[in-house]
Amino acid sequence: MIDVHYWTTPNGHKITIFLEEAGLQYKIFPVNIGKGEQFKAEFLTISPNNRIPAIVDHAPPDGGKPISVFESGAILFYLANKTGKFIAKDMRERMQTLEWLFWQMGGLGPMAGQYNHFGNYAQEKLQYAIDRYRNEVNRLYGVMNKRLADRPFLAGEYSIADMACYPWILPERQAQNIADFPHLKRWHETIKARPAVVKAYEWTPKINPGQGGIRTAEERAILFGQTAASVKGAADRAAAR
Ligand SMILES: N[C@@H](CCC(=O)N[C@@H](CS)C(=O)NCC(=O)O)C(=O)O
């Protein structure tokens with residue numbers, strides 16, 4: 001059994017997609033990041049960066065004690081290694097999968113995240129920041145579109161690289177016109193129709209029926225007001241218990 005510490009966000013969806021695709025047994029532990037549950041002491045012991053997702057695998061492949069993993073890319077890599085699925089065995093193809101996985105983790109995810117912040121969430125509209133991140137997301141869409149022009153998936157067969165990227169292609173939220181990227185559009189539609197992907201997204205209305213972005217001042221303060229003091233505060237609270 002795998003415990004999934006999860007919220008209904010793109011990085012959370014990556015993991016439920018893998019688990020559904022691989023048919024692994026898992027249990028969802030919701031971490032409501034709008035309410036600050038990512039600062040609970042028990043969560044920080046497995047996810048010291050106070051971010052979802054994180055997993056605990058009670059039956060790791062080495063037969064040892066349960067293992068926890070945080071960072072969605074590391075989790076996908078762990079699960080691919082555990083199951084031997086969605087990552088190529090051939091060294092060259094395997095490296096391509098990792099290249100595109102790291103590309104998502106270091107590029108598409110952070111840049112789209114910053115666009116979401118400045119374009120959708122920030123109350124003060126800073127045109128320079130909005131343009132900067134919308135353009136960068138546009139460039140990254142172009143990179144993916146080109147890559148997908150002559151292959152069905154990012155690294156040969158459908159893999160953890162596709163699972164990492166898919167939840168982050170949100171053209172409307174990212175002020176992008178998907179029609180400008182026909183190969184990306186085809187790839188996105190193909191993955192969206194996969195039964196495991198449909199199932200993975202069924203968690204959203206169950207866990208977070210009011211899904212719809214950050215609305216309250218409290219949610220803003222929790223998510224956008226973090227400093228080192230937030231992490232230290234959580235550690236102090238845990239020590240005082
Ligand atoms: N690089 C991390 C990013 C994780 C991340 O940013 N998670 C967001 C939700 S998508 C989160 O937990 N936010 C809580 C917070 O900002 O305190 C990963 O891929 O796992």
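Counting convention: from 1, in listed order, for ligands and their atoms alike. Predicted, not measured: the structure shown is a model, and the values here were computed from it.
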(request) Measure the spacing between CG of Leu140 and OH of Tyr133 and express it to the nearest 0.5 Å. (result) 12.0 Å
(request) Please could you name the atoms of ligand 1 that Gln38 approaches to less than 4.0 Å, counting only its heavy atoms? (result) 14 (C), 15 (C), 17 (O)
(message) Which option wins on minimum heavy-atom distance to atom 3 (C) of ligand 1: Thr8, Ile222, Asn11?
(response) Asn11
(request) If you have a sec, work out which protein heavy atom is nearest atom 15 (C) of ligand 1 and how many Å separate them, to one decimal? (result) Arg51 NH1, 3.2 Å
(request) With sequence neighbours excluded, tell me which residues meet ring pair (Phe, Tyr, Trp, His ring centres under 6.0 Å) with Tyr78. (result) none
(message) Under a 4.0 Å threshold between the charged nitrogen and the carboxylate oxygen, would Glu136 count as salt-bridged to Arg139?
(response) yes
(request) Considering only NZ, NE, NH1 and NH2 on the basic side and carboxylate oxygens on the acidic side, decide whether Glu21 and Lys85 come within less than 4.0 Å. (result) no
(request) Return the residue, atom name and 0.1 Å-rounded distance of the protein heavy atom closest to atom 19 (O) of ligand 1. (result) Ser72 OG, 2.6 Å
(message) What protein heavy atom lies closest to atom 9 (C) of ligand 1? Include the residue and the distance to one decimal.
(response) Thr9 OG1, 3.5 Å
(request) Can you pull out the closest protein heavy atom to atom 4 (C) of ligand 1? Residue, atom name and distance to 0.1 Å, please. (result) Ile52 O, 3.1 Å
(request) Go through Arg147 and Gln96 one step at a time and tell me if the side chain to side chain contact (heavy atoms under 4.5 Å, CB included) criterion holds. (result) CA-CA 11 Å; Arg147 173 74 182 175; Gln96 288 184 15; 3.1 Å; yes
(request) Output the distance between atom CH2 (Trp103) and atom CG (Leu108), rounded to the nearest 0.5 Å. (result) 4.5 Å
(request) Can you sort out the partners of Trp168 under ring pair (Phe, Tyr, Trp, His ring centres under 6.0 Å), two or more places apart, ordered by chain and number? (result) none
(request) Find all atoms of ligand 1 within a distance of less than 4.0 Å from any non-hydrogen atom belonging to Asn50, and give their numbers and elements. (result) 14 (C), 15 (C), 17 (O)
(message) Could you tell me, atom by atom, which parts of ligand 1 come under 4.0 Å of a heavy atom of Gln226?
(response) 15 (C), 16 (O), 17 (O)
(message) Once you restrict to heavy atoms under 4.0 Å, what part of Ile75 touches ligand 1? Side chain, backbone, both or neither.
(response) neither
(request) Considering only non-hydrogen protein atoms, determine which one is nearest to atom 1 (N) of ligand 1 and report residue, atom name and distance to 0.1 Å. (result) Glu71 OE1, 2.8 Å
(request) Report the residue from Trp100, Tyr166, Phe18, Phe153 that forms a ring pair (Phe, Tyr, Trp, His ring centres under 6.0 Å) with Tyr158. (result) Phe153
(request) Run the contact test for Pro53 against ligand 1 with a 4.0 Å cut-off on heavy atoms, strictly below, and give the result. (result) yes
